[in-house]
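Note sheet for the following structure.
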There are 2 protein chains.
Amino acid sequence: MRTTTKVLPEDARAHHRSMVLQRLFHGGPSSRADLARATGLTRVTVSDLVTTLVDEGLVTELGPSPTGRVGKPATLVALRTRDHQLLAVDLTDDLVLLGAVLDLEGEIVARRSVPSDGRTGEALVDAVADLCRELVTVATRPVLGIGVASPGVVDEHGTVLQAPNRGWADVPLAQLLSAELGLPVHVANDADAACLAELTYGGANGDGLLVLTVGQGVGAGIVLDGTLVRGTRHAAGEIGHVTALDERDSRDDAPLGLPQRCACGRTGCLETVLAVPALRDRAAGDPEALAAVGRRLGIVLAPVVSALNLAEVVLSGPPELLDGPLRLAARSTLRNRTMPVISEDLQLRMTALGEDGALRGAAVLVLSGQLGVT
Amino acid sequence: MRTTTKVLPEDARAHHRSMVLQRLFHGGPSSRADLARATGLTRVTVSDLVTTLVDEGLVTELGPSPTGRVGKPATLVALRTRDHQLLAVDLTDDLVLLGAVLDLEGEIVARRSVPSDGRTGEALVDAVADLCRELVTVATRPVLGIGVASPGVVDEHGTVLQAPNRGWADVPLAQLLSAELGLPVHVANDADAACLAELTYGGANGDGLLVLTVGQGVGAGIVLDGTLVRGTRHAAGEIGHVTALDERDSRDDAPLGLPQRCACGRTGCLETVLAVPALRDRAAGDPEALAAVGRRLGIVLAPVVSALNLAEVVLSGPPELLDGPLRLAARSTLRNRTMPVISEDLQLRMTALGEDGALRGAAVLVLSGQLGVT
DNA sequence: TTAGTTAGGTAACCATCCTTACAATTGGCG
DNA sequence: CGCCAATTGTAAGGATGGTTACCTAACTAA
């Protein structure tokens, strides 16, 4: 049975508040009347909400708008995007913890990073906390909260259920950091974060988006109906260990060679052909081999794209490896192996966010957690 | 940008009403105090809601409950499941339109069917309307609404965007039938309906469920987080035309022979090996061939199961074909090609609803549309 | 018989939104 | 030049729906 939860008036209020913020965030400065039209609320209600938002310091009046029409000129109100900041941490990399201070536009104001020096477990948590503390001192405006993109399986409360490479199992990271720093903390899987970043800053289609992150490993974040898919055990997107190459495949896709043993103990996982180390070792610079990897990727993605009727698949990772024969082969394989209704509207493209996908996504966690902005 | 919609107090009321009905539907007769505890609402609010539900005739007081504990004995209230009926129509079959009258328990009270006689387009709409009219006369209790399970791509308003075999394109079926019969009408894709039936009557896990319907064609319905996945173009679940067999596959999986031409114009689609006609022609009674089909199915499902971290995959179709070597081969292939975290908790089973999946699902459309019960 | 517990109802209050009415300000038109 | 229509933002009053606090009824355990 589906368990829903009761709706209090204050929940409705919070929801409407988010709608107003959302509109200001994406639509830029607007008059109260504009906001009323956009949200469906009355001008009265919007005025009231705006008043509280101004009192909270999140929104400010800009003054009368250049009037083109008849009637009383509107006074624009705007989100004070430069007057608040948030902290983002990206733990994707094995060797270094990346941190940044961003403003509400998503502009990176400052970066800090520390080598991870092989730390794991509690020591790594401490290192993350130290990095956050440093970021707090670097911030020049009030900090709304902290977002963390972590590898591994993360639940909706920000507990890292498992991240073997980090020595983490059931680590309540959000709770620990929040207690340590006295700020709201939101933690999510790195691929999920990259997916949110694509949605918020990359202009992606929230009706059906899959972001494939290619790095040390291969992961995916999926957004349907504007929300992340989490999965029964919070392991949605763990697509790196689907078999993508078995013995018979390798006979025809010769450039790939035989299926390789994967770190997970099995053989022929997608990671063994598509992760960055595998690509560098066995395909970099060889268009044929890159195309062969692309074909394997297309074959793996075809059922997912069809089942979900996705609008976009976005690749995040080194462009010199991904954005060429690999991507093109994946795309044509995808087209060849799905019906037109599915492939017609499908985009398969590179991210426009470069290396900062997960980091920007960590920022989005805060925006969405604290302001309800997506 | 995600567009959300405003929440009025009356929406909250409707939501709470649904929560109470939901609880009564799944939990059976309960006291008002039970309902309050289950929903998180106050006893006052629940009492008020129950009063209106009694006035509407949906709920009735059963009298004092057999008291086991101290305190005033509770008076049970119950959904009047036998005193209301709903109509369900299943258009999946090429040759016959299936209809039924059900009560709110999901018990089928009466069945009616008419041969489709090759009708398509408007004539078919008329035939469906006629069938509904007959069902209305057969019903012995007030009818809450009509649910229709149709093949093809159906949008959220019950418009059939395309159903080539029925000669339908952009047919606002729900609207037409509703105008004709004066009752609320809900239309959904047949596989989606089967999926909802599995959720409501089959006790399936709404956190990650895929129902694969195998008949004339192959389709899938997917429920994540308790809601159907619809897809950008409402074509989610159209998995029958993913390539499942190419030239090189057939060399090893000899029992399947060469990839066959599919009705969609392409070659080697999942339907060409898994649809009932294909199974009957080329695999029925041959365990090796059935297992080979199961392996192809497992290969196609592995990426979907991994990407979504599904809890259950349910097969709906002729058990003599599906529930044997085919299912077992699919299951072991699925296990072999996904990582343990994914496959560990995954069930791959037959439906418990037999042939009536889509029909029962059509009934669920009404339950959920009119009462908010899932 | 009395104390304690549970169910269910009533009254007063609070939050939120809506509708209606109005002041302020502008452009266009006679 | 002055009036009207359009538009914005605010104020007052009403409707809805929830909460807390308190009351009575009916039962069990001592």
Side-chain angles (χ1 to χ4, degrees), chain A residues 4-21 23-24 27 29-56 59-78 372, chain B residues 4-21 23-24 27 29-56 59-78 372:
Chain A
T4 47
T5 169
K6 66 174 169 177
V7 178
L8 277 71
E10 68 208 62
D11 295 325
R13 182 77 169 176
H15 179 80
H16 295 154
R17 187 186 116 113
S18 290
M19 287 172 63
V20 168
L21 287 172
R23 181 69 204 170
L24 288 173
S30 322
S31 72
R32 294 169 175 83
D34 287 337
L35 293 171
R37 277 185 290 266
T39 56
L41 299 164
T42 43
R43 293 200 308 269
V44 181
T45 305
V46 169
S47 262
D48 196 42
L49 282 165
V50 166
T51 306
T52 69
L53 289 172
V54 169
D55 289 348
E56 291 176 42
V59 160
T60 186
E61 261 191 21
L62 292 187
S65 106
T67 168
R69 306 181 303 278
V70 302
K72 173 176 168 179
T75 54
L76 294 179
V77 295
Chain B
T4 48
T5 170
K6 65 174 169 177
V7 178
L8 277 73
E10 69 207 61
D11 295 325
R13 183 74 168 180
H15 179 81
H16 294 156
R17 188 186 116 113
S18 290
M19 287 173 65
V20 168
L21 286 172
R23 181 68 205 172
L24 287 174
S30 322
S31 72
R32 293 169 175 82
D34 287 338
L35 293 171
R37 277 186 290 266
T39 57
L41 298 164
T42 14
R43 291 201 307 274
V44 181
T45 304
V46 169
S47 266
D48 196 39
L49 283 165
V50 167
T51 305
T52 70
L53 289 172
V54 169
D55 289 347
E56 291 175 42
V59 160
T60 187
E61 260 191 22
L62 292 187
S65 108
T67 168
R69 308 181 304 278
V70 300
K72 173 178 169 179
T75 54
L76 294 180
V77 295

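Values below: every heavy atom of this structure, side chains too, minus hydrogens, waters and symmetry copies.
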Atom of [X], atom of [Y] and distance for their closest heavy-atom approach:
| X | Y | result |
| --- | --- | --- |
| B:T5 | A:H15 | O-NE2, 2.8 Å |
| A:S30 | A:L24 | OG-CD2, 3.9 Å |
| A:A36 | A:V46 | CA-CG2, 3.6 Å |
| A:L62 | A:A78 | CD1-CB, 3.8 Å |

For A:V7 and A:G71, find the nucleotide of DNA chain D closest to each by heavy atoms; which residue's nucleotide sits nearer the 5' end?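 Between the two, 5'-proximity favours A:G71.
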With DNA chain D as reference, determine whether A:L76 or B:H16 sits nearer its 5' end, using the nearest nucleotide of each.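 Between the two, 5'-proximity favours A:L76.
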For DNA chain C, what residues of residues 31-48 of chain A have any heavy atom nearer than 4.0 Å?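 The stretch gives A:T42, A:V44, A:T45 as the residues lying under 4.0 Å from the strand, ordered by number.
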Just how far, in rounded Å, is C1' of D:dT16 from CZ of B:R17?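 From B:R17 CZ to D:dT16 C1': 16 Å.
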Whole-Å distance between D:dG17 P and B:H15 NE2?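 From B:H15 NE2 to D:dG17 P: 14 Å.
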Angle between the two end axes of the helix from C:dT1-D:dA30 to C:dG30-D:dC1, five base pairs per end, rounded to 10 degrees?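 Comparing the first five pairs with the last five, the axes sit 10° apart.
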Using side-chain contact (heavy atoms from CB on, under 4.5 Å) as the criterion, list what pairs up with [X], not counting sequence neighbours.
| X | answer |
| --- | --- |
| B:T51 | B:D55 |
| A:R13 | A:D48, A:L49, A:T52 |
| B:E10 | B:L8 |

Starting at the 5' end of DNA chain C, which residue's closest nucleotide do you reach first, B:T75 or A:L49?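 With B:T75 and A:L49 compared, the 5'-side residue is B:T75.
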A:V70 vs A:P9, nearer the 5' end of DNA chain C by closest nucleotide: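 Closest to the 5' end, via its nearest nucleotide, is A:P9.
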Tell me, please, the opening and closing nucleotides of DNA chain C, 5' to 3', among those with an atom under 4.0 angstrom from a non-hydrogen atom of chain B.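 Nucleotide range in contact with chain B: C:dT5 to C:dC18.
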Between B:H16 and A:V7, is there a donor-acceptor pair closer than 3.5 Å when you use the side chain of the first and the backbone of the second?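 Present.
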Mark yes or no for whether A:K6, through its side chain, and B:G40, through its backbone, hold a donor-acceptor pair below 3.5 Å.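 Side chain of A:K6 to backbone of B:G40: a pair is present.
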Approximate separation, where rounding is to 0.5 Å, of A:L35 CG and A:T45 OG1: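 Interatomic distance, A:L35 CG to A:T45 OG1, rounded to 0.5 Å: 12.0 Å.
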Spatial distance of atom CZ (B:R43) from atom OG (B:S31) [nearest 0.5 Å]: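 The distance works out to 9.5 Å.
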Under 4.0 angstrom between A:K72 side-chain N/O and D:dA5 OP1 or OP2: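 Answer is no, no contact under 4.0 Å.
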